[in-house]
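See structure below.
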Number of protein chains: 2
Amino acid sequence: MATMLKPVRRRLKPDERRAAILSAAGDVLLHDGIGALTLRHLAQRLGVAPGLVNHYFPEIEALAAEAFAMIAEAEVITLFAAATAMATPVAQVARLVADLLDPQRRAVSLLWLDAWQASRNRAQLRAAVIVAMDLWQDQLCALIARGGFAAPDPAVSATRILALIDGLSIQAVIDAPDAPGHAVARGMVIEGVQRELGIVLDLV
Amino acid sequence: MATMLKPVRRRLKPDERRAAILSAAGDVLLHDGIGALTLRHLAQRLGVAPGLVNHYFPEIEALAAEAFAMIAEAEVITLFAAATAMATPVAQVARLVADLLDPQRRAVSLLWLDAWQASRNRAQLRAAVIVAMDLWQDQLCALIARGGFAAPDPAVSATRILALIDGLSIQAVIDAPDAPGHAVARGMVIEGVQRELGIVLDLV
DNA sequence: AAAACAATTGATCAAGTGACCAATAATGAG
DNA sequence: CTCATTATTGGTCACTTGATCAATTGTTTT
């Protein structure tokens, strides 16, 4: 077999180890889904004893909730930072929609669907989902309000646009990325946003 | 404690027992979700030994897939039977949309979301989901085509309308039935269908 | 250098899962 | 009424899960 690799156990500071576990948990969520976030799976990926995960996260449900919150929040920050960097309001919306329609976002869409479903039975995850959704709503509402679009009520427009995007998430699961349903969903998001804000998006 | 209830074991014919198990599995799916469909949970609900379930369904994944297929197919048949009973094409669509927006459909919406998510890791369930979605697509497409609406391509219109309805399913999980997001989603379905088919729906 | 500290291990527990199968008893046939 | 058929039981196996805790070992302090 392979050479016996000596079990060097690295000792990290609590903050570092905690961050490492959280990060690995996030990877598992994005790559394998919430159902794959088990003590042993995570410990093996970290090259660490299962008990160590318990030491930093006494209950794994809290870890799942926090890891999801981390991913969701990071995505919102990234997307809106990129959007607000654009010059005109219309360009900002165009950038946001383009990023949301990017096939690379598929993993995040899958995670959202997973979280919606799993939050039925997991209170902490459910709380994190609600917080993340509110964050989305607030950010998008602010972006619309600042833009001065022909939208009577920015909050309502934000809710409607988010509903379109959520619906897009489903296509990420049930269809392959190149399936006809996917293109239909894309078109509906673009047309819906244009209609909602009274603008024309010039997406590649 | 309570009086010792004698364990009368009723002996059903194979067909009857199989149907009983399938029906009970459907109840579990609608009431507690796919994750709650376990041998023991199901056996207890039936007042039967766990092994009996295995006897009729050697692998429980097949049972889950078949139970989902049963529920989904039954819903399609019921909804379209009610719709086609209406006199005019517009009334048919109105009836279908009204039924889909009925709060009582919440359990079915939750099951669909559950199935979409779970089908990621369960091949047989995934197959059943695809069949059910195709059935929906075919039925709706036929209804639109027969109606002679101002829709250039009935198949595309059906896909778009189903995407709207799928998006509505998410609201069933994340919001309470009386939350604002729910009303927004309802409005989007109605307006989307009206725009897609060039009609005006008169829903209560 | 020695001691105190604490991050980490490894083993173990109880609970829950799907699956399997010989034994049992209800039902129907002769 | 008797017997054969078979639907059904109940016990068990192997596995996975989250969780707990004394023991260990690396790091830091004295």
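Protein chains get the first letters and strands the later ones, always in sequence-line order, with residue 1 at the start of each.
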Practice prompt. Please collect all ring pair (Phe, Tyr, Trp, His ring centres under 6.0 Å) contacts where either partner lies in residues 81-104 of chain B, sequence neighbours excluded, each pair once.
Written response: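 Listed once each, the pairs would be none.
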Worksheet item: Can you list the residues that meet the ring pair (Phe, Tyr, Trp, His ring centres under 6.0 Å) rule with A/F80, with sequence neighbours excluded?
Response: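 Scan of A/F80 (ring pair (Phe, Tyr, Trp, His ring centres under 6.0 Å), adjacent residues dropped) gives A/W136.
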Discussion item. Which residues pass the ring pair (Phe, Tyr, Trp, His ring centres under 6.0 Å) test with A/F149, not counting sequence neighbours?
Written reply: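 Testing A/F149 for ring pair (Phe, Tyr, Trp, His ring centres under 6.0 Å), a comparison that skips the adjacent residues, returns none.
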If you look only at distance, which donor and acceptor atoms sit under 3.5 Å apart when one is on a side chain in residues 183-194 of chain A and the other is two or more places apart or in another chain?
from   : atom 1 : to     : atom 2 : distance (Å)
A/R186 : NH1    : A/L101 : O      : 3.3
A/E191 : OE1    : B/R160 : NH2    : 2.8
A/Q194 : OE1    : A/L201 : N      : 2.8

Item to complete: Give a yes or no on whether B/Q139 atom CD has more than 12 heavy-atom contacts from other residues, nucleotides or ligands under 6.0 Å away.
Response: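 Yes.
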Item to complete: Would you jot down, in residue-number order, the residues of residues 49-68 of chain A having a non-hydrogen atom under 4.0 Å from DNA chain C?
Response: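 Those residues whose heavy atoms fall under 4.0 Å from DNA chain C, taken from residues 49-68 of chain A in numerical order, are A/A49, A/G51, A/L52, A/H55, A/Y56.
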Fill in: Any residue of residues 113-126 of chain A with a heavy atom less than 4.0 Å from an atom of DNA chain C
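Residues of residues 113-126 of chain A that come under 4.0 Å of DNA chain C do not exist, since none gets that close.
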Discussion item. For the backbone of A/A155 and the side chain of A/Q137, can you confirm whether one donor and one acceptor N or O come within less than 3.5 Å of each other?
Written reply: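 It does hold such a pair.
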Fill in: Nucleic acid contacts of residues 27-44 of chain A, taken as heavy-atom distances under 4.0 Å to DNA chain D
A/L37, A/T38, A/L39, A/R40
Response to the item:
To the nearest angstrom, the CG-P distance between A/D15 and C/dA6 comes to 14 Å
Discussion item. I'd like to check the salt bridge (Lys or Arg N to Asp or Glu O under 4.0 Å) partners of B/R18; sequence neighbours left out, ordered by chain and number.
Written reply: B/E66
Fill in: salt bridge (charged side-chain N to carboxylate O under 4.0 Å, His left out) contacts in which one or both residues fall within residues 122-145 of chain A, not counting sequence neighbours
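For residues 122-145 of chain A, and leaving out neighbouring residues, there are no salt bridge (charged side-chain N to carboxylate O under 4.0 Å, His left out) pairs at all.
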Discussion item. Would you say that B/L197 contacts B/V90 through its side chain, given a criterion of any heavy-atom pair below 4.5 Å between the two side chains?
Written reply: no
Worksheet item: Are a donor atom and an acceptor atom from the side chains of A/Q92 and A/T84 found within less than 3.5 Å of each other?
Response: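 The criterion, which ignores hydrogens and geometry beyond distance, is not satisfied for A/T84 and A/Q92.
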Worksheet item: Can you give one letter per nucleotide of nucleotides 23-30 of chain D, going 5' to 3': B for a protein heavy atom under 4.0 Å from the base, S for sugar-phosphate only, - for none?
Response: -BSBS---
Worksheet item: Among all residues two or more places apart in sequence or in another chain, which pass the side-chain hydrogen bond (donor to acceptor under 3.5 Å, both in side chains) test with A/E59?
Response: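 Residues passing side-chain hydrogen bond (donor to acceptor under 3.5 Å, both in side chains) with A/E59: A/Q124.
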Taking distance alone, no hydrogens or angles, what donor-acceptor pairs closer than 3.5 Å link side-chain atoms of residues 19-36 of chain B to residues at least two apart or in another chain?
none

